[in-house]
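A quick write-up on the structure given underneath.
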Amino acid sequence: MANSVDISSGPKSWSELPQPLPEHDMVELEHKVHSCEEVIGYNFKNKYLCFEALLTYSATVIHDGAELIVRKNDSLAIHGDAVLDVHLSSLWLKTGRSKEEYTTVRLEVAGIKNLAAICLDRGLDECAFLEERTWNLKSSHRARATLLKAVIGAVAQDTKLDTNVLGGLLFRLGFRHELLESRAE
């Protein structure tokens, strides 16, 4: 019988991480998490959050003789999407611009095509754990967007929603728009 893992209190170091999935070895797992950290410019305190963000399918892993279910990254992606909304709307509030202008910003900055482009341009898609049979990250804008939002959600969880860290992350990743600049007085 499989046990669900609460990643918010999950393993903090590699020695505590569950054994890798059969098709991935520990060196690959560590390499992909480290590569993700380099891409986003943030080092996770809880490496397991990054692992889940990079996992594009649900899987069962063995840890200390117990089966653990590791969720695919879509739950973290929902959280990351909300974090991105809060960030963009916070910047927008400071500008005094119209709701219509915010809608433009939201569609252009947080739209699937832009998220996919950021993921691809930064090489974040190379960090993902793929299930080859059923999923092709290379050809899917939606899949790349989900991956990027999951990583944002994982950082949000790892930092307990530290807005300074998240703002820096989103800036480094390129989440900017001219309509988010303050109007000249």
Side-chain angles (χ1 to χ4, degrees), residues 2-12 16-18 29 32-61 68-93 102-103 105-120 122-131 135 137 140-177 180:
N3 300 317
S4 291
V5 176
D6 175 7
I7 61 169
S8 64
S9 63
K12 308 292 189 260
E16 297 177 57
L17 220 102
L29 190 150
K32 286 187 179 227
V33 168
H34 179 71
S35 294
C36 176
E37 290 174 331
E38 284 186 342
V39 165
I40 66 173
Y42 175 78
N43 291 315
F44 283 87
K45 294 177 217 76
N46 182 346
K47 305 293 185 188
Y48 193 79
L49 282 166
C50 186
F51 172 58
E52 183 177 331
L54 299 174
L55 192 62
T56 63
Y57 56 98
S58 294
T60 302
V61 296
L68 304 174
I69 298 171
V70 182
R71 299 178 300 197
K72 67 183 281 184
N73 63 5
D74 51 359
S75 294
L76 283 172
I78 290 169
H79 186 55
D81 193 43
V83 167
L84 185 53
D85 272 343
V86 168
H87 176 73
L88 293 175
S89 63
S90 295
L91 293 174
W92 167 77
L93 276 172
Y102 176 72
T103 299
V105 167
R106 176 70 172 106
L107 291 173
E108 291 178 10
V109 174
I112 288 175
K113 285 186 179 180
N114 189 54
L115 294 171
I118 290 171
C119 181
L120 185 62
R122 301 295 189 283
L124 192 57
D125 56 331
E126 298 298 323
C127 303
F129 290 95
L130 305 175
E131 185 176 36
W135 209 69
L137 184 65
S140 172
H141 288 313
R142 183 172 307 281
R144 285 190 195 112
T146 298
L147 176 63
L148 180 57
K149 290 187 293 185
V151 169
I152 293 166
V155 172
Q157 286 293 298
D158 200 49
T159 64
K160 297 183 179 15
L161 295 171
D162 183 319
T163 55
N164 290 325
V165 174
L166 291 166
L169 168 74
L170 296 173
F171 183 81
R172 281 189 306 279
L173 290 174
F175 287 100
R176 297 187 274 289
H177 194 282
L180 294 176

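Keep in mind that this is a model prediction, so the values were computed, not measured.
Classified by interplanar angle (parallel below 30°, tilted 30° to 60°, perpendicular above 60°), the ring pair Tyr102/Trp92 is tilted.
No side-chain donor-acceptor contact under 3.5 Å links Arg144 to the backbone of Leu120. At distances below 3.5 Å, not a single donor-acceptor pair connects side-chain atoms of Lys113 with backbone N or O atoms of His141. A distance-only check finds a donor-acceptor pair linking the side chain of Lys32 to the backbone of Ala128 [under 3.5 Å].
Heavy atoms only, all atoms of each residue included: His177 and Val109 are closest at CB-CG2, 3.6 Å. For Thr56 against Lys72, the heavy-atom pair with the smallest separation is O-CE, 3.8 Å. Here the closest non-hydrogen pair linking Thr146 and Ala77 is O-CB, 3.5 Å. Residues Ala145 and Ile112 approach most closely at CB-O, 4.0 Å, considering heavy atoms. Nearest heavy atoms, Leu147 versus Cys119: CD2-SG, 3.8 Å. The two residues Val155 and Val165 make their nearest non-hydrogen contact at CG1-CG1, 4.4 Å.
Put simply, the side chain of Cys36 reaches to within 4.5 Å of the side chain of Leu124, judged on heavy atoms. Looking only at side-chain heavy atoms (C-beta outward), Ile152 and Phe175 come within less than 4.5 Å of each other. With contacts defined as side-chain heavy-atom distances shorter than 4.5 Å, the pair His87/Leu180 does not qualify.
Separation of atoms CG (Leu169) and OG1 (Thr163) is listed at 12.5 Å; rounding is to 0.5 Å. The CG atom of Leu88 sits 11.5 Å away from the CD atom of Glu108 when rounded to the nearest 0.5 Å. Between atom CZ of residue Phe44 and atom CG of residue Leu49 there is a gap of 6.5 Å, rounded to the nearest 0.5 Å. Atom NZ of Lys160 is separated from atom CG of Asp158 by 7.5 Å, given to the nearest 0.5 angstrom. Put simply, CD1 on Ile118 and CG on Asn114 are 4.0 Å apart, with the number rounded to the nearest 0.5 Å. Atom CZ of residue Arg172 and atom CZ of residue Arg122 lie 10.5 Å apart, to the nearest 0.5 angstrom.
Tyr57 and Phe129 have their aromatic ring centers separated by at least 6.0 angstrom.
Salt bridge annotation for Asp81-Arg106: present, with a cationic side-chain nitrogen under 4.0 angstrom from a carboxylate oxygen.
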inquiry  = Walk me through whether His79 and Leu161 qualify under side chain to side chain contact (heavy atoms under 4.5 Å, CB included).
reply    = CA-CA 11 Å; His79 186 55; Leu161 295 171; 3.9 Å; yes
